[in-house]
Q: 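Below is one structure. I have some questions about it.
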There are 2 protein chains.
Amino acid sequence: MGTRHKTAHAGVTREDLADAALRLLERDGAKGLSMRKVAAEVGVQAASLYWHVRDKEELLDLACDALWADFDAPPPHTTDPAGPHSPGGTDDWRPQVAVLARRLRTHLLTRTNAARVLVGRFAPGPRWLDRMESLIATLRTAGFDGRDAADATYLLGTWVQGFVLHESVPMSAAEQRGASPSEATALARRELEELSGERYPNVVALAGDIAGPDMDTRFEFGLARLLDGLEPLRATATPKQAE
Amino acid sequence: MGTRHKTAHAGVTREDLADAALRLLERDGAKGLSMRKVAAEVGVQAASLYWHVRDKEELLDLACDALWADFDAPPPHTTDPAGPHSPGGTDDWRPQVAVLARRLRTHLLTRTNAARVLVGRFAPGPRWLDRMESLIATLRTAGFDGRDAADATYLLGTWVQGFVLHESVPMSAAEQRGASPSEATALARRELEELSGERYPNVVALAGDIAGPDMDTRFEFGLARLLDGLEPLRATATPKQAE
DNA sequence: AAAGGCATCTAACATCGTTAGGGGGATCGG
DNA sequence: CCGATCCCCCTAACGATGTTAGATGCCTTT
């Protein structure tokens, strides 16, 4: 049987399975992922997977961790080449957090199908903890107390994931096998405009604003709002005194 | 009224299917929903469903809309029974939005299983549009311009859904068949504390803040941050310029 | 009474997750 | 060198799933 995929019968690792699962998920979507296909992808029979893995669930957990494999966080704040304690140094927490949020979004966005399945699963592996540690470090040195830093981290994480989840769904459920993205938004807008102007005056009037703006600007809007909302919580420099 | 359950063949409606699907989804979770079970629930053979519905997908779309059946939005701002049209009345947009956000959360939370499957599907039916119209109306009369109101609506919606999605997942993936919630958080906290204090100094130090606070306060934290971030966008009273 | 559509049925297919039990090849103790 | 042991994979099968095809009866209209 010449079905050796990688090295001839070198043995399959759990990482192989996770990678294969991720690959299939991304290529064929949620229903394209079956044990048999994962097995075929790594060059074995379906039942053989159960030697490495107890469940399909466990396989998904593995994939969930592998999702973060190639996500390279910016180095935590403590390794910042600039001044470690400089008052100006703690003010750039905004761009730092923003950059992390944007990277998180694009990371999930380029793995839409996988993210859709894996979001809300959250077996936080070491790679995810790295992100968390980095973010919290940034926030604390920026002047947030521990509790606020933890809550803000959670807030950012949940928002980005919720955002991507929406963003990655075809705007109209019926358009999944349909038109180009620009056509889809135009169509969505038209649908909104054709609603009852009596019952939905604002929705109709703002149809262009609701269906119109591209997701990038929408994301930036939300991000700016979050950062603005967090800002007043910072203890500027030492316990009291302002700047 | 006509709640004949499965008396002979009284005829099945699409609403019946959606309700049955929602019921099964909530009772048995995602994998408890099969065509055959939905059919049995309404007293019919599996194949008969395909007369009412093209796909399982379409059934889920139906259920997605039915999810909002018993969500009663607070009346839009214009029908506020208390202060009719006081100029200070536009300042209570915060509690209005907050109330809507909290209701949205609890609504999704009491339908966790269904929400998990249906989130990100979003065939926005009329009921969802009602919510949207109400929210946008509130924001606009509070002084937000159209574009900001639309973006803020999107922001709030995505955040609440992302939040609930996280909230409704068992804190540790392994604990789904395990302990009580309080035990789970205690265990999660202990797990965080046992991490390498070298690699994750902040995570370890704040283990209590990360795993500790209950979700209600976390939600309120995020909500307050969002509202704070939106506040400066309001055009306060002075009609200096539109757009 | 005949016709026709509506709503459901039975039967079957391919595919899915998962289990049971068997076997071949490497490694190690003697 | 031999056998034992473990690792890793195999074939075969079970029940459940989504979905289709074709037949059957009920209800309404003619």
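Proteins get letters first, then strands, A, B, ... in listed order; numbering begins at 1 in each.
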Q: Is any NZ, NE, NH1 or NH2 atom of the basic residue among Arg218(A) and Glu167(A) found under 4.0 Å from an Asp or Glu carboxylate oxygen of the other?
A: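 Glu167(A) and Arg218(A): not salt-bridged.
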Q: How many whole angstroms separate atom CD of Glu57(A) from atom C1' of dT18(C)?
A: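 Atom CD in Glu57(A) sits about 13 Å away from atom C1' in dT18(C).
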Q: Is the distance between the ring centroids of Tyr154(B) and Phe221(A) under 6.0 Å?
A: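 Not under 6.0 Å, so no.
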Q: Within the structure shown, what part of the strands sits under 4.0 Å from Leu49(B) by heavy-atom distance: base, sugar-phosphate, or nothing?
A: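 Leu49(B): no heavy atom of the nucleic acid under 4.0 Å.
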Q: Find the distance between CG (Leu139(A)) and CG (Asn202(B)) and round it off to the nearest 0.5 Å.
A: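 Output value for this atom pair is 9.5 Å.
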Q: For Leu33(B) and dA16(D), what is the distance between atoms CG and C1' respectively, to the nearest whole Å?
A: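 For the pair Leu33(B) CG and dA16(D) C1', the rounded distance is 14 Å.
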Q: Which one, dC16(C), dA21(D), dC9(D), comes nearest to the side chain of Arg36(A)?
A: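 Among the listed nucleotides, the one closest to the side chain of Arg36(A) is dC16(C).
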Q: What is the distance, rounded to the nearest whole Å, between atom CD of Gln45(A) and atom P of dT11(D)?
A: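 My rounded result for the distance is 5 Å.
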Q: Could you tell me how far apart Lys31(B) (NZ) and dT15(C) (P) are, to the nearest whole angstrom?
A: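 Distance check: Lys31(B) NZ to dT15(C) P gives 20 Å.
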Q: If you compare every side-chain N and O of Lys37(B) against the phosphate oxygens of dT17(D) (OP1, OP2), does one of them come in below 4.0 Å?
A: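 Yes, Lys37(B) has a side-chain N/O under 4.0 Å of OP1/OP2 on dT17(D).
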Q: By the 4.0 Å heavy-atom rule, please label Ser34(A) as base, sugar-phosphate, or nothing.
A: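 Result for Ser34(A) = sugar-phosphate.
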Q: Examine dT8(C): is either OP1 or OP2 under 4.0 Å from a nitrogen or oxygen in the side chain of His52(B)? Give yes or no.
A: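 Yes, such a contact exists.
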Q: From CZ of Arg14(B) over to C1' of dC6(C), roughly how many Å is that when rounded to an integer?
A: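 To the nearest whole Å, that distance equals 16 Å.
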Q: Rounded to whole angstrom units, what separation is found between the NZ atom of Lys56(A) and the C1' atom of dA16(D)?
A: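 About 14 Å, once rounded to whole Å.
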Q: Any non-hydrogen side-chain atom of Arg147(A) less than 4.5 Å from a side-chain atom of Thr217(B)?
A: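 Of all side-chain heavy-atom pairs linking Thr217(B) with Arg147(A), at least one is under 4.5 Å.
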Q: Of the listed nucleotides (dT8(C), dT18(C), dG18(D)), which one gets closest to any side-chain atom of Tyr50(B)?
A: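 So the nucleotide nearest the side chain must be dG18(D).
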Q: How close or far is atom P of dC6(D) from atom CH2 of Trp51(A), stated in whole angstroms?
A: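 Checked: the CH2 to P distance equals 12 Å.
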Q: Check for me whether the distance between the ring centres of Trp128(A) and Trp68(A) falls short of 6.0 Å.
A: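 For Trp128(A) and Trp68(A), the ring centres are under 6.0 Å apart.
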Q: Whole angstrom is fine here: how far is it from CG in Asp55(A) over to P in dG17(C)?
A: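 From Asp55(A) CG to dG17(C) P: 11 Å.
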Q: Looking at the side chain of Ser48(B), which of dC9(C), dC10(D), dG18(D) is the nearest nucleotide?
A: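 For the Ser48(B) side chain, the nearest candidate turns out to be dC9(C).
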Q: Of the candidate nucleotides dC9(D), dT18(C), dT8(C), which contains the atom at the shortest distance from the side chain of Val44(A)?
A: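 The nucleotide sitting nearest to the side chain is dC9(D).
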Q: For Leu59(B), which contact category applies under a 4.0 Å heavy-atom criterion: base, sugar-phosphate, or nothing?
A: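 Nothing, no nucleic acid heavy atom in range.
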